[in-house]
Amino acid sequence: SPAVRDYFETLGLDVWDPWAFFKLLDADGGGSVEIEEFFLGCLRFSGQARAMDVGKIIQDQSWMMKNQGRFQSYMEVELGKLREDMASFMATGPGRPVSTAMI
């Protein structure tokens with residue numbers, strides 16, 4: 001509502017996406033914003049973003065991208081092994097003994 005938007009502006013908060021803002025305020029991820037989370041979040045997010053804030057975001061994003069790449073590589077290797085195991089299992093067919101190495 002315009003009244004709430006005006007209130008946030010008086011606090012120095014530019015809340016153009018209320019849902020994203022309240023997700024940021026929900027520090028513990030509990031699905032609700034406790035009064036302490038609200039006040040601390042309003043203090044943290046008021047005013048202009050500082051260069052250090054932006055730098056931290058860039059650093060965190062780089063870390064996430066690097067680790068996502070590692071995870072993806074790991075999963076590709078593991079899925080390849082699983083495909084090989086499944087192909088070997090399927091090749092044994094009914095009535096053929098299954099190797100204990102596959103179990």
Side-chain angles (χ1 to χ4, degrees):
S1 78
V4 174
R5 186 166 293 156
D6 290 342
Y7 175 72
F8 282 134
E9 284 180 14
T10 62
L11 296 175
L13 296 166
D14 182 20
V15 182
W16 53 271
D17 184 349
W19 177 246
F21 179 66
F22 280 99
K23 284 186 352 186
L24 288 171
L25 290 178
D26 185 16
D28 64 2
S32 64
V33 178
E34 304 295 329
I35 191 77
E36 184 177 342
E37 290 175 317
F38 179 77
F39 285 123
L40 291 175
C42 286
L43 289 172
R44 185 174 56 232
F45 297 121
S46 65
Q48 297 289 325
R50 297 181 300 259
M52 188 170 170
D53 295 330
V54 175
K56 179 67 174 149
I57 291 169
I58 292 169
Q59 181 184 39
D60 290 348
Q61 184 67 25
S62 296
W63 181 87
M64 287 175 50
M65 288 172 46
K66 180 176 66 175
N67 284 297
Q68 177 65 29
R70 286 181 185 163
F71 177 73
Q72 183 175 350
S73 296
Y74 169 78
M75 289 304 297
E76 287 172 355
V77 168
E78 292 300 312
L79 286 173
K81 290 177 187 177
L82 183 59
R83 279 191 200 107
E84 290 172 8
D85 289 348
M86 291 299 293
S88 177
F89 178 74
M90 297 302 285
T92 60
R96 293 185 178 157
V98 175
S99 169
T100 58
M102 292 176 27
I103 298 176

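For Glu76, the salt bridge (charged side-chain N to carboxylate O under 4.0 Å, His left out) test picks out no residue, with sequence neighbours left out. Residues passing the salt bridge (charged side-chain N to carboxylate O under 4.0 Å, His left out) test with Lys66, sequence neighbours excluded: none. For the salt bridge (charged side-chain N to carboxylate O under 4.0 Å, His left out) test, no residue two or more places apart in sequence or in another chain qualifies with Asp28.
Between the side chain of Asp26 and the backbone N or O of Gly31 there is at least one donor-acceptor pair closer than 3.5 Å. In this structure, Ser73 contributes its side chain and Gly69 its backbone to a donor-acceptor pair below 3.5 Å.
The CZ atom of Phe22 lies 11.5 Å from the CD atom of Glu37; values are rounded to the nearest 0.5 Å.
With hydrophobic clusters built from ILVMFWY side chains whose heavy atoms lie under 4.5 angstrom apart, Met86 does not share a cluster with Met75. A single hydrophobic cluster is not seen to contain both Leu43 and Leu25; linkage of ILVMFWY side chains at heavy-atom distances under 4.5 Å, directly or through other members, places them apart.
Counted within 6.0 Å of CZ on Phe38, heavy atoms from surrounding residues, nucleotides or ligands total more than 12; the atom is thus considered enclosed.
Under the 4.5 Å side-chain criterion, counting only non-hydrogen atoms from C-beta, Ser62 is not in contact with Met64.
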Residue pair Lys81, Glu78: steps toward the salt bridge (charged side-chain N to carboxylate O under 4.0 Å, His left out) verdict: CA-CA 5 Å; Lys81 290 177 187 177; Glu78 292 300 312; 3.4 Å; yes

